[in-house]
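Note on naming: letters A, B, ... go to the chains in the order of the sequence lines (proteins, then strands), and numbering restarts at 1 for each one.
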Amino acid sequence: MFYDHKEIEARWQRFWAENQTFRAVYPSEKPKYYALTMFPYPSGAGLHVGHPLGYIACDIYARFKRHQGYNVLQPMGYDSFGLPAEQYAIQTGQHPAVTTEANISRYREQLDAIGFSYDWSREVRTSRPRYYRWTQWVFMQLFDSWYNREADRAEPVSTLVERFEASGNQGVRAACDADTPEFSAGQWKAFSAAEKQRMLLKYRLTYLAEAEVNWCPELGTVLANDEVVNGVSERGGFPVVRKKMTQWSMRITAYAQRLLDGLQGIDWPQPLKDAQTNWIGRSQGASVTFKTQPGPGQEAFDIEVFTTRPDTIFGVSFMTLAPEHELVGKITTPEQKDEVEAYVVATARRSERERMADVKTVSGAFTGAYATHPLTGEAVPVWIGDYVLAGYGTGAVMSVPCGDQRDYDFARHFGIPIPNIFEGVSVEEEAYEDKQNAVIANSGFISGLGQKEAAMKVIEALEAKGLGKGTINYRLRDAVFSRQRYWGEPFPVYYDAEGLPHLIPEHCLPLELPGVEKYLPTETGEPPLGNATRWAWDTEAETVTENARIDHKTVFPLELNTMPGWAGSSQYFNRYMDPDNEQALVSSEAIGYWKDVDVYIGGSEHATGHLLYSRFWQKFMYDRGWVPTDEYARKLINQGMILGTSAFIHRKAGTQIYLSSGLAKGEQTEPIRVDANLVNASDEIDPEAIRKWQPQFAEAEFRTEGGVFKVDREVEKMSKSKYNVVNPDQICEEYGADALRLYEMFLGPLEQSKPWNTAGLSGVYGFLKKLWKLYHQGPDRSFEVLEGEPSAQNLKTLHKTIKKVTEDIQAFSFNTSVSSFMICVNELTAQHCRERAVLEPLAILIEPYAPHMAEELWHKLGHTTSIAHVPYPEFNPAFLVESTKEYPISFNGKVRFTMELPLDLSKEDIEAAVLADSRTGEQLQGRPPKKVIVVPGRIVNIVG
RNA sequence: GCCUCGGUGGCGGAAUUGGUAGACGCGCUGGAUUCAAAAUCCAGUGGUAGCAAUACCGUGUGGGUUCGAUUCCCACCCGAGGUACCA
């Protein structure tokens, strides 16, 4: 009986689906285990072998936990809102919902073919109204919340209104807009409804604000900084300009400290924690006010700066503002006006990336204005320079050239003095940036002090003068939450006659995306939803209605922006716990049981996007009492990237002649990528196949060497455009899902990026066949196991494997456990093992890796229910006890021979036995050994 | 520049955390089987020298600690990813 993977795999996949084998049980008495992989965006290209790497690892772990008796929740779904579907809709006019649906079907087929143990009854799709009603719901709760810094948590806006009514906003410590004015209870009560709304908006956790954004006219949308590459959009490569727009923002900065603190308690990879820590960018220092010295008829302005080195304040010899700083236009003197304006224009043309990347060129302009040093009273010239960014801190710095290299370079370039305020240090060549050893000099009352003490005293002095205070600054910005797109969640928001936002009633959710004729922005530059003719809110009927009925009395226009990609993924892990709940995002009972994600597997590229935003939402949900934990994933694993092997053929320059790899040397050729799937294991390709592949090669001439045509190979990121993708379907067809699963794991450590080479699959396929043979040693290779006692050798092999594989799974070291299985099967084959007492546990052991084969063998072994929930084999160390050890005997650290000695021998006896051996005498050539090191059970080393 | 990860045969990788470097697999070489091929099985396979026993070299480079270093320390080189004039 041969190993017919196709028939076996199809049969068990059907069995699992029909029996709902992997359904997560709720309620349940068993302990829970929640294994989650980041859900995919269903693109039109389908899955390639890079995608399932993390899925397979997660599935192995989930299956392992099932054997350990856990009630496992392993769901899957689709992050199905996104730009590609919208771009496709723009090109073809097809509704994104239609193409998304088709893509999901294809993904599902591919996922099913790999044999994942998902509970598909819990599937979520972020683009489904019954899912996104809860995304909209979270938005509404954020709108209805403010951050109470005293309690250090979010609270309903109603508690804020109570405070305002009682005592105004004095004494309210909240995360709010910087320009929030102070008001008393009386003033609050006197505010009109609109004024109250406007004021509350300054406190809400999601609020409208003018934000400078990366505007991409071509895409008609705003891009995140990380979506802009070299000044053009990552997708499509369109130009990007900076523009101010009114946007929904998320007050994530309120959570900066807690997002930082929360990292302590979760088992996430350190590099990922580092990335988030740097992104949040906490720095302690002081904010200092420099007052400008007004010219005749001018007013004085405050220039607010943040510095991490208040101790260097006496070293200030100039100030630098970002060219975009709002004061630039106000303080520049008439004489400097032309120069400054020219510089501002020049800077605006440079992308932020460009400005940052260019470290070498120093540029700037003098405004002609001076500010007063808050401690010395001296006049400090105010410059502008593009090394200061408007978006960070206050967009202005106090420049201390002797203590900061960038300030130093700037000062040098423009001939600004570089006063030295450090004891015993020369600043002739470069700035002195060492904080630890700095001793401050030439600095009045702080001369002679160290950095920390000096900083403290300066802050005290500034506070006394009312010109500064100690503060903590975060690099983290509030997150812009509006997208000028169609294919995203609509905001449950309408605008009144004053342009103020109002939520639609909660019971009206979901607010479904309207149909539109065109998916492009409108002619007037409004988002695609501006094309909808039925996109107004009737407050009386509580329903969406025709735009024509808008009267700003009972019928109002709805928000035209949609939510960004990360909205739908910020709570999906909780929704899986209770996916059909119509009353709540998740019931407190369900989340009380499932609680949080025990292991979360996904790419590190989401470090500062999804993984930060979702932590923010979770903390918010926790504050408001909807979830029991403020971190949703205890453990996180980053899987590495799979690289593809591209194939290149050589085209003789300027001709249609292609040369086999060996003939190309010394010739002028251009490398052309061809479909790597057409190349065989020996790097040969059939020219006919190339001709058929693309019409451009139909008439080409191919010069072979030795009758074959060879290609050159190169390893690079697996991608459709590089023609190096390997499709999992073909592999499942040819080698089977179990072989694919084993091979993906066998490739190398999960976290590392590694190249894909399909040729290696024959190795794991051969292993599966050997495994199969172990159970088919009867007449004519029929299935047969013996009921007798296994040999000590058999048991040793089995238990060695149980130990190793169990340890490996727990350490997420799947590559090494595949090796262990191979060694195990090789040994049992050599031992002619046929005993049930060994083969039955072996089937369970391998089930997480090769579930189809294991299920088949399990049923052949006489069982009628699935292997999935069978208890994991228990390791018995008694079978591994050894009585002797093959000791390596080394001389001066080099192993020369080995000796088999009893393990219970004492150090002295080992030494005696080794010294008595004739080979020891040969090695020492009569010299007495200087020293003998004996490590019992490990090694003997003789120094001679 | 900074942060993080990595560098071991022709290739993917392993090494019990300081104790026989190269497990396991691919590839390659030779052999068996076959009309032939596929598949399968057996043997070999880090480099250099040697018929061989064996010797020397060998985990990016250079130092160091140690009886002993792929593993620990110092300095550096290279590659990948992230991030930024973070004041």
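Taking the P atoms as reference points, U4(B) lies 48 Å from A43(B), given to the whole Å. Comparing the P positions of U54(B) and G44(B) gives a spacing of 16 Å, expressed to the nearest Å. Nucleotides U65(B) and C28(B) have their C1' atoms positioned 42 Å apart, rounded to a whole Å. Distance noted for atom C1' between U33(B) and C41(B): 8 Å (whole Å). To the nearest whole angstrom, the two P atoms, one in A36(B) and one in G31(B), are 14 Å apart. Comparing G46(B) with U70(B), their C1' atoms are spaced 15 Å from each other, to the whole Å. The separation of C5(B) from G63(B), taken at their C1' atoms, amounts to 25 Å, rounded to a whole angstrom.
Place Leu747(A) and Asn278(A) on RNA chain B by their nearest nucleotides, and Asn278(A) ends up nearer the 5' end. Looking at which nucleotide of RNA chain B each of Met641(A) and Lys931(A) is closest to, the 5′-most match is held by Lys931(A).
Here U20(B) is the nucleotide among U16(B), C24(B), U20(B) with the atom lying nearest to any side-chain atom of Thr898(A). Distances were taken from every side-chain heavy atom of Ile939(A) (C-beta onward) to each of U20(B), C26(B), A87(B); the shortest belongs to U20(B). Which of G19(B), C26(B), G12(B) sits closest to the side chain of Ser762(A) comes down to C26(B). When the nucleotides C56(B), G25(B), A84(B) are ranked by their closest atom to the side chain of Trp279(A), A84(B) comes out on top. In this structure, the nucleotide among C56(B), G27(B), C24(B) sitting nearest to the side chain of Ser819(A) is C24(B). Considering only the side chain of Val895(A), A21(B) comes nearest among G12(B), A21(B), A55(B). Which of A39(B), C24(B), G13(B) sits closest to the side chain of Lys769(A) comes down to A39(B). Between G12(B), U17(B), G25(B), one nucleotide has an atom nearer to the side chain of Asn826(A) than all others, and that is G25(B). Among the nucleotides C86(B), C24(B), A55(B), the one closest to the side chain of Arg475(A) is C86(B).
Phosphate proximity of C86(B) to Arg282(A): absent, as no side-chain N or O sits under 4.0 Å from OP1 or OP2. Residue Arg938(A) places no side-chain N or O under 4.0 Å from the OP1 or OP2 atom of G68(B). OP1 or OP2 of G68(B) has not a single side-chain nitrogen or oxygen of Asn892(A) nearer than 4.0 Å. For A87(B), neither phosphate oxygen OP1 nor OP2 lies less than 4.0 angstrom from any side-chain nitrogen or oxygen of Arg406(A).
Checking side-chain atoms of Lys273(A) against main-chain N and O of Leu263(A) turns up a donor-acceptor pair under 3.5 Å. Looking only at distances, a side-chain donor or acceptor of Thr394(A) sits under 3.5 Å from a matching main-chain atom of Glu304(A). Put simply, the side chain of Gln639(A) never gets that close to the backbone of Gly50(A): no donor and acceptor are under 3.5 Å apart. Within the 3.5 Å criterion, the main-chain N or O of Val805(A) finds no donor-acceptor partner in the side chain of Ser820(A). Tyr743(A) contributes no side-chain N or O that, together with a main-chain N or O of Gly763(A), makes up a donor-acceptor pair within less than 3.5 Å. Between the side chain of Asp404(A) and the main chain of Arg406(A), a donor-acceptor pair closer than 3.5 Å is present. Looking only at distances, a side-chain donor or acceptor of Ser890(A) sits under 3.5 Å from a matching main-chain atom of Val940(A).
Of all heavy-atom pairs spanning Tyr765(A) and Ala739(A), the tightest one is CD1-CB, 4.2 Å.
Residue contacts for Asp407(A): at a heavy-atom cut-off of 4.0 Å it reaches no nucleic acid atom on any strand shown. Within the nucleic acid shown, Val935(A) comes within 4.0 Å of at least one base atom, counting heavy atoms only. Within the 4.0 angstrom heavy-atom criterion, no nucleotide atom of any strand lies near Lys930(A). Residue contacts for Ser399(A): at a heavy-atom cut-off of 4.0 Å it reaches no nucleic acid atom on any strand shown. Contacts of Glu751(A) with the nucleic acid, taken as non-hydrogen atoms under 4.0 Å apart, are absent.
A salt bridge links Lys803(A) to Glu807(A): at least one charged side-chain nitrogen sits closer than 4.0 Å to a carboxylate oxygen. In this structure, Arg896(A) does not pair ionically with Glu922(A), as no charged nitrogen and carboxylate oxygen lie closer than 4.0 Å.
To the nearest 0.5 Å, atoms OG (Ser819(A)) and CE (Met745(A)) are separated by 13.0 Å.
Stem regions for RNA chain B, each three or more consecutive Watson-Crick or G-U pairs with both distances under 3.5 Å and listed by first number, read B:1-7 with B:77-83, B:10-12 with B:24-26, B:27-32 with B:40-45, B:46-49 with B:54-57, B:60-64 with B:72-76.
Look at G9(B): its glycosidic torsion is within 90° of 0, and that puts it in the syn range.
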With side chain to side chain donor-acceptor pair (under 3.5 Å) as the test, would you mind laying out the steps for Thr289(A) and Asp302(A) before giving the verdict?
CA-CA 6 Å; Thr289(A) 307; Asp302(A) 285 354; 5.3 Å; no

Find every protein N or O atom lying less than 3.5 Å from an N or O atom of nucleotides 4-11 of chain B, and list the pairs.
none

